[in-house]
Each structure stands twice: as structure tokens, then as C-alpha cells.
2 protein chains.
Amino acid sequence: MNDHGLSATAKVILGLLGSRPRSGYEIKAAVDRSTRYFWAASYGQIYPELRRLAEAGLIEGTDAPTGGRRRTVYELTNAGRHALGEWHREPPERFDYRDEAMLKLFFATAVEPAGAAGIARQRAEMAAETAEELRAVEAESPGSDQPGYAVLRFGIDFNEFVADWFERQALAFEEGVPLRKLPRPEAAEIEGER
Amino acid sequence: MNDHGLSATAKVILGLLGSRPRSGYEIKAAVDRSTRYFWAASYGQIYPELRRLAEAGLIEGTDAPTGGRRRTVYELTNAGRHALGEWHREPPERFDYRDEAMLKLFFATAVEPAGAAGIARQRAEMAAETAEELRAVEAESPGSDQPGYAVLRFGIDFNEFVADWFERQALAFEEGVPLRKLPRPEAAEIEGER
DNA sequence: TTCGCCATGTAATGTGTTACATGATTGT
DNA sequence: ACAATCATGTAACACATTACATGGCGAA
């Protein structure tokens, strides 16, 4: 819970229920199909959160079994729709970025300078693959110029940027640029020492 | 803990101790000054992890009080240096990206289409500010063409890319592009429905 | 009848931040 | 005397994944 009282998972649930009612299973499927790249959620978060949101009166569940298979479909209440609107109007605050390749690169001078190019190259390949995946998704999705589609475009553009950046870095490392002058290893720390 | 037995925080601790011995406090300061943008760590992670790493024999602590102020400085053992090298040679695997502005944009069609441009614009400004911050850091740090420095360059280039991308998106939204055709809201989902 | 999917859920574990408590040193 | 910084640490809470358990349905 934070300021506005919505957990990370509550935000994506409310947002998805904003377009139509869904079961927990469908929410998870929708997340995996769409927001996963920038806002993930697992069953361990979704089901308990659905219960909490229902208790808080922001969503309402209805039994909708398919045959003998039990199933609960949730939809926004008025309060829920209001909370979603409130959240949407607030300035966005959360932004996390965590990248292990970057950490390895950062320590490369002290650990294994010769490995830097390889690390950069691998990261470039990873990003290129993700971009490829997303381009495939784009190809099979109906063209659209809406914000939801823009988000997919960002995924593609961003991964292409990353692939390009790391590829150029790898080349620079290979050409010996990084190994010419080697001051104290800790000079690599962003503000230097003191 | 994961495959190689190193937690996220262990990796940054070992990496920092790779260049020289430090106290927990100094490790936290170094993280905040450098890796924070792509690999954060808090006291609540650092101190318990130092204890675990010492028990595991990867680092060794020495009392080094300054006056009456108690202080423990840690350094890598041979086993620790070996573990750091092992980790460094493995292919990088972790990469997380979480962006609340993106989530809002994704839901904009269903919640408040008119807000999309504002969300994009704010995100652009945020990225521009971060880029500015990093450029200031770059200006006051000794020029270097090492991997550690490349990481700082990435921060700048990446944030400039993001600022530019969202600014162009905001412009596109303002020019009415996104509101021309409005199919079912859920058409915005990345693979469409089913 | 077996496999894959639909569907719900929990337990265990891991990851991570915030806020607080304690206390010394240095500079104003 | 006070504030800032050095220094260590924990408790409470929040967030998140993985793996498992349960069971029905539909198709091969």
C-alpha cells in the first residue's frame, strides 16, 4: 500500500477491469500478454489482491461457472471506477530499472577487463531478441494508433535502442579503447572517490 | 539466493569490495553514488548480507574503529574473489523494468483518453531531469573510457532516448492521432483478445 | 486415459524499503 | 550547544515469484 491506497497489483487489476469484467485467470493471462514487460503480476499477488479489492468495495465478484468448473468474474464498482480515475490523474511516480549486464560492465575493470566486450555483446543480443519478439506481436495485432499500442511501440523502440547501444559499446571495447589508460579501478565510480 | 548462490545485494557488495576494502556504510554510499540507477541496495539488505557473506567465508571483516567510533571494514577472501569472478563470467540474466507512466498510458483509452498526452509529457520531463542530473555527474567526474564510465554514458543516453520518445508521443496524442478511430477498448491489448 | 488448458488458491521463500534506535566525531 | 555526518543494526511491512495442490473440461 502507498499514498493512494493502491498496491502495484491493484493498479493493473483495476485498469484491466476498466475495459471489461474478467476472472483472476483472465487477468493473469492479460498481464502476461500485455503489461508483463513493464508491469508484471503473478497469481500469488492477483488472487489475494482480488479478495482485498472486493472487501474494500472497489470490485465485485459474480459466480459465473462454465459447466461444473467454478469461476468468479470481477467487475469494477462505481467506487472502483472512481479510484481508477483518481490514480490515473495522479502524476506517475514509480520507475524501476535493474540490469545485471550493466552491473557486470561496471565492475569489469576490477574483475576481468577483457570480458567487457562479451558482456556488452550478449546484452545487445538479448535486447535484439526481445525486440524481435515484440515485432512479431505487432505484426499479428490489429494496427492501431492508440496509447495502448504506443506502449508496444515503446517496447520495440527501446529494445532496439539498447541493442544498438551495447553493440556499439562492444565494438569500442574490442578496438581497445577501454584498455588504453587504466587509472585506479575505483575511478570508475560515478562521482569518483570523495 | 539463486543458481550461483549470490543474492542481488551480494553481487554489488562483492563487486565493490573487488576494488578495495570498505565498511557497510561506505558500501551504501558507493551504491548511492554509482550503481543506484540500475542496481540499488539499502541498509536493510547490506548489513545482513555482509554478515552472511562473512559466515560463508567470501569476505572477512576487520575492526577498524575511528577513535571511539566502532567500524568494521570488509575485504574479499580468496574464495570471495573467486565467486566474484565466477559470477562475472556467467551470462547476465536479470533485467527488470517497471514504469508506472507506461501502465497509465496503456489504460488511457479505457480511463481517460484526453489524459494520454499529459502522462507522456510528464514522463518525458522526468527522463529529461534524470539525464540532466547524470550529465552533471559526468561533468565533475574524471573523463575515462572504461566500462565503469560507459555505464554512466548509458544512463545519459537512455534517459535522453526516453525523454525524446515520450515527447514525440505527447505531440502525436495532442494532434488528435489517437482519438480518430476508437475500436473496442481492449483492442489495445498487445496480442488482441485470444 | 492422458494431455493441455481453464480455474482458484496457498505456503514457502526471497527481495527490498522505510523508519527507527543507538551512539560517536567533527565543525560551527 | 547543535547539526551534520559516520557507523551499525533491526523491526515492520510491502512486494513478488515459485511451486504446489486441487479439480473440471475437451480433444486426441
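Chain letters run A, B, ... following the sequence lines, proteins first, then strands; residues in each count from 1. Small disclaimer: the values here were computed from a predicted structure and weren't measured.
Taking atom CD1 of residue A:Ile46 and atom P of nucleotide C:dT10, one finds them 14 Å apart after rounding to whole Å. Here the P atom of nucleotide D:dG9 and the CZ atom of B:Arg52 are 13 Å apart, to the nearest Å. The distance from atom CZ of B:Arg71 to atom P of D:dG9 is 13 Å, rounded to the nearest whole Å. What separates CZ of A:Arg94 from P of C:dT18 is a distance of 11 Å, to the nearest Å. Spacing between atom CG of A:Leu6 and atom C1' of D:dA14 amounts to 14 Å, rounded to whole angstrom units.
Because its NZ or CZ atom is both nearer than 6.0 Å to the ring centre of B:Trp87 and within 45° of the ring axis, A:Lys104 counts as a cation-pi partner of that residue.
Within 4.0 Å of B:Ser42, counting heavy atoms only, lies at least one base atom of the nucleic acid. Nucleic acid contact class of B:Gly24 (heavy atoms, under 4.0 Å, all strands): sugar-phosphate only.
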Polar atom pairs (N or O), protein with nucleotides 25-28 of chain D, under 3.5 Å:
| residue | atom | partner | partner atom | Å |
| --- | --- | --- | --- | --- |
| D:dC25 | OP1 | A:Gly68 | N | 2.8 |
| D:dC25 | O4' | A:Arg69 | NH2 | 3.1 |

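The side chain of B:Tyr47 has D:dG9 as its nearest neighbour among C:dA7, D:dG9, C:dG16. The A:Tyr74 side chain lies nearest to C:dG9 when the options are C:dA7, D:dA7, C:dG9.
Under the 30°/60° scheme for interplanar angles, the aromatic rings of B:Phe158 and A:Phe161 are found to be tilted.
A salt bridge does not link A:Arg20 with A:Glu75: every distance from a Lys NZ or Arg NE/NH1/NH2 to an Asp or Glu carboxylate oxygen is 4.0 Å or more.
More than 12 heavy atoms of other residues, nucleotides or ligands sit less than 6.0 Å from atom CD of B:Glu160.
An OP1 or OP2 oxygen of C:dC6 is reached within less than 4.0 angstrom by no side-chain nitrogen or oxygen of A:Arg70.
Residue-to-nucleotide proximity on DNA chain D shows that, of B:Val73 and B:Arg98, the 5′-proximal contact is made by B:Val73.
Partners of A:Ala64 by side chain to side chain contact (heavy atoms under 4.5 Å, CB included), not counting sequence neighbours, listed by chain and number: A:Arg71, A:Val73.
A side-chain hydrogen bond (donor to acceptor under 3.5 Å, both in side chains) check over residues 112-133 of chain B, counting only residues at least two apart or in different chains, returns the pairs B:Tyr37-B:Glu133, B:Asp99-B:Arg123, B:Arg121-B:Glu167, B:Arg121-B:Glu174, B:Glu132-B:Arg135.
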